[in-house]
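Everything below concerns the one structure shown next.
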Amino acid sequence: MKVILRLFSGPIARATISTTGVLGLRLLVQAGTLLIVARMLGAADFGAYSAVAALAVMLGSMATLGTHLILMGAASKDKTRRHAILPYALPTTLLTGSLLFSLYCLLAFGVLHEAKISGLVILALGVAELLLHPLIMLATVEHQAHGHIARSQMLMTMPVVLRLVVAVGVWMAKPAEPLTVFALGYLLATAIAVLLAVWHLPEPWPKPWAWRWARKAELRESMGFAALNFSAIGSSELDKTIAVKLMPLGSAGVYAAGARVIGAVTLPVIALMQSALPRLFRESMGEAARSARLLRWLFAAALAYSLVLAAALWLVAPLFGILFGQQYAGIDNIIRWLALAVPGMALRITAGSVLMAMGKPWLRVGFELSGLLILILASLILVPVSLNHGMPLAVAIGESFMAAIGISLVIRTRRNGISLHKEI
C-alpha cells in the first residue's frame with residue numbers, strides 16, 4: 001500500500017502526471033499528424049519521408065554538441081550558471097548544426113537514393129531539424145532545469161502542433177506535390193516555434209557579441225552528452241532508415257507508420273524520466289538508501305507501464321488497420337509484433353537517463369550504440385527471411401539487449417560509487 005501511495009503522491013509522481021498531461025496533448029497532436037500525413041502520402045511516399053526525416057532527427061540530436069544537457073545539469077543546481085554556459089552553447093550549436101547539415105545532405109542525396117525524394121524536401125527537413133530545432137532544445141531545458149517540466153514540454157510541443165496545422169492545410173488543399181508542400185510547411189512551423197520558445201525564456205539569451213568559443217575542457221564534457229543524445233535518438237529512429245534500404249517502399253511505409261505508433265505511446269515513460277532528471281542529477285550518487293529507493297521506483301514504474309501498454313497494443317492493434325486505411329494493410333500485424341519491443345524500450349530509456357544523471361554518459365553511449373549494431377545485424381538477417389515480421393523482431397531484440405546491458409551498468413555503477421564512498 002505504501003508503494004502505491006508513493007507512486008501517486010511524491011513530487012516526481014506529481015510532476016510526471018502534469019508532464020504526462022502535456023505529453024498526452026503532444027501524443028494526440030502527433031497521432032493526428034501521423035494519420036493525416038500517412039493517408040495523404042500513401043505507404044510508399046510515407047516510407048520515403050520517414051527515412052529522410054529519421055536521418056535528419058538522428059543527426060540533429062547532436063547539433064547542440066550536448067551543451068543543452070550541460071545547461072540543464074548546471075542550472076538544476078544553480079540558476080545563475082546559465083550565464084557561464086549559454087555564451088558558448090549558442091555558437092557551438094550553430095556551428096555544429098551547420099556541419100551536420102552538410103553531412104545530412106551528403107547521406108540523404110548519396111545513400112538514401114531508394115527513397116526517390118525531391119531535393120527541396122530533403123533541404124527543408126534538414127534546415128528544420130539540424131539548424132532550428134536545436135535552438136528550441138536550448139530554450140526548453142532552462143524551464144526543465146527550474147522544475148517547470150510541463151512548461152518546457154509545452155514549448156517542445158509547439159512545433160508539433162504547428163505541423164498538425166500544416167498537415168490539415170495540405171490535406172484540404174490537395175496540392176499536386178503534397179510532400180513538398182508539407183516539408184516547406186514543416187520548416188515554417190519549426191521557425192515559428194523557435195521564435196515563440198525564445199520569447200518565453202525566463203531571461204534573454206546573451207547577445208552575439210558576448211558569445212565565445214568553447215574551451216577544450218568544456219567540449220570534452222559536452223561531447224559525451226552529444227554522443228549519448230545521438231545514441232538515444234538513434235535507438236528510436238534508425239529502424240525507419242534501415243527499412244527503406246531493406247524493404248520495398250510500400251512495406252517500409254507500413255512498418256514506419258506502425259513504429260511511429262509504438263514510439264508515440266511510450267511518452268509517459270519519457271515524461272517520468274524528464275520529471276525525475278533534475279532530482280537524479282542532484283542525488284543519484286548521494287545517500288545510498290535514498291537514491292536506491294528512487295531508482296527502484298523509476299524502474300518499477302517504467303516496467304509496469306510498459307507491460308500494460310504492450311498488452312493493450314496487442315488487443316487494439318486491429319483498430320489501426322481501420323484508422324490508416326487500405327494502403328496500410330498489415331499494420332495491425334506490425335504493431336502486434338512491435339509490442340514485444342515496448343518493455344525493452346521503456347527500460348532502455350530509464351537506464352539511459354539514470355546513467356546520464358550519474359555522470360556516466362559514455363556508458364550509455366556504449367550500450368545504446370552496441371544495441372544499434374545488434375539492430376542492424378538482426379535486421380540484415382531477419383528481414384530477408386520474413387518481410388512482415390523481420391524488422392519488428394529485430395527492434396525487439398535490439399531494445400531487449402540494450403535494456404539488459406543498461407540495467408547491469410546502472411547496478412555496477414551504483415556498487416562502485418558506494419564502495420568508493422565507503423573508502424573515502
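Computed from a prediction, not measured in an experiment: that's the story for all the values here.
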Query raised in the report: Between the side chain of W211 and the main-chain N/O of P206, is any donor-acceptor distance below 3.5 Å?
Result: yes

Requested in this report: Tell me, with the steps shown, if L303 and S306 meet side chain to side chain contact (heavy atoms under 4.5 Å, CB included).
Outcome: CA-CA 5 Å; L303 179 60; S306 65; 4.1 Å; yes

Requested in this report: Would you indicate whether the side-chain heavy atoms of L135 and L94 approach each other to under 4.5 Å?
Outcome: yes

Query raised in the report: Looking only at atom types and distance, does a side-chain atom of S222 sit under 3.5 Å from a main-chain N or O of L65, one as donor and one as acceptor?
Result: yes

Requested in this report: Write down the atom of V160, the atom of T33, and the distance for their closest heavy-atom approach.
Outcome: O-OG1, 4.1 Å

Requested in this report: Evaluate whether atom CE of M223 has more than 12 neighbouring non-hydrogen atoms of other residues, nucleotides or ligands under 6.0 angstrom away.
Outcome: no

**Report entry** By side chain to side chain donor-acceptor pair (under 3.5 Å) - contacts of S50 (at least two apart)
**Finding:** none

Query raised in the report: Considering residues, nucleotides and ligands other than K174, do more than 12 of their heavy atoms fall under 6.0 Å from its NZ?
Result: yes

Side chains of residues 254-263: which donor-acceptor pairs under 3.5 Å do they make with residues two or more places apart or in other chains?
residue: Y255; atom: OH; partner: D239; partner atom: OD2; Å: 2.5
residue: R260; atom: NH1; partner: E237; partner atom: OE1; Å: 3.1
residue: R260; atom: NH1; partner: E237; partner atom: OE2; Å: 3.0
residue: R260; atom: NH2; partner: E237; partner atom: OE1; Å: 3.0

Query raised in the report: Where do P248 and L387 come nearest, in terms of heavy atoms and distance?
Result: CD-CD1, 3.9 Å

Query - Heavy-atom closest pair, residues L107 and L55 - result: CB-CD2, 3.9 Å

Query - R220: side chain to side chain donor-acceptor pair (under 3.5 Å) partners, not counting sequence neighbours - result: none

**Report entry** Spatial distance of atom CG (N388) from atom OG (S251) [nearest 0.5 Å]
**Finding:** 7.0 Å

Requested in this report: Compare all side-chain heavy atoms of K360 with those of L409 and state whether any distance is below 4.5 angstrom.
Outcome: no

Report task. Indicate yes or no for a side-chain donor-acceptor contact from R39 to the backbone of L323 under 3.5 Å, with no hydrogens or angles considered. Result -> yes

Query raised in the report: Where does the angle between the aromatic ring planes of F182 and Y186 fall among parallel (under 30°), tilted (30 to 60°) and perpendicular (over 60°)?
Result: perpendicular

Query raised in the report: For the atom pair OG1 (T241) and CG (L246), what is the distance rounded to the nearest 0.5 Å?
Result: 11.0 Å

Query raised in the report: Which distance, rounded to the nearest 0.5 Å, do you find between the CG of L355 and the OG1 of T350?
Result: 11.0 Å

Query - Residue E203 excluded, over 12 heavy atoms near CD under 6.0 Å - result: yes

Query raised in the report: Under a 4.5 Å cut-off applied to non-hydrogen side-chain atoms, are I117 and I122 in contact?
Result: yes

Report task. Please name the pair of heavy atoms, one in A341 and one in V395, separated by the smallest distance, quoted to 0.1 Å. Result -> CB-CG1, 3.9 Å

Requested in this report: Look up atom CD1 in I331 and atom CD1 in I322, then write down how far apart they are to the nearest 0.5 Å.
Outcome: 12.0 Å

Query raised in the report: Can you check side chain to side chain contact (heavy atoms under 4.5 Å, CB included) on R163 and T190, steps first, answer last?
Result: CA-CA 8 Å; R163 287 168 198 161; T190 309; 3.3 Å; yes

Query raised in the report: Got a second to check how far S236's OG is from I349's CD1, nearest 0.5 Å?
Result: 6.0 Å

Query raised in the report: side chain to side chain contact (heavy atoms under 4.5 Å, CB included) between I36 and L164: does it pass, once the steps are laid out?
Result: CA-CA 8 Å; I36 292 173; L164 174 59; 4.0 Å; yes

**Report entry** Non-hydrogen side-chain atoms of S353 and R364 separated by less than 4.5 Å
**Finding:** yes

Query - Side-chain heavy-atom pair L103, L59 within 4.5 angstrom cut-off - result: yes

Query raised in the report: Between the main-chain N or O of I376 and the side-chain N or O of S379, is there a donor-acceptor pair closer than 3.5 Å?
Result: yes

Requested in this report: Kindly indicate whether the side chain of S61, heavy atoms from C-beta on, has any atom under 4.5 Å from the side chain of M137.
Outcome: no

Query raised in the report: Side chains of F101 and L123: closer than 4.5 Å at any heavy-atom pair?
Result: yes

Query raised in the report: For L34 and F46, what are the C-alpha separation, side-chain angles and deciding distance, and is it a side chain to side chain contact (heavy atoms under 4.5 Å, CB included)?
Result: CA-CA 10 Å; L34 172 62; F46 183 75; 3.4 Å; yes

Query raised in the report: Testing L307, L309, V308 for side-chain contact (heavy atoms from CB on, under 4.5 Å) with V342, which one passes?
Result: L309

Report task. Considering non-hydrogen atoms only, spot the tightest contact between A193 and P159 and give its length. Result -> CB-CD, 3.6 Å

Query raised in the report: Got a donor-acceptor contact below 3.5 angstrom from the Y328 side chain to the A38 backbone?
Result: yes

Query - Heavy-atom donor-acceptor pair, S400 side chain to I397 backbone, under 3.5 Å - result: no

Report task. Identify the heavy atoms of A214 and Y88 that sit nearest to each other, and give their distance. Result -> CB-CD1, 3.6 Å

Query raised in the report: Do T64 and T92 touch side chain to side chain, with heavy atoms closer than 4.5 Å?
Result: no

**Report entry** Atom pair CH2 (W337) and CG (L313), whose distance is rounded to the nearest 0.5 Å
**Finding:** 15.0 Å

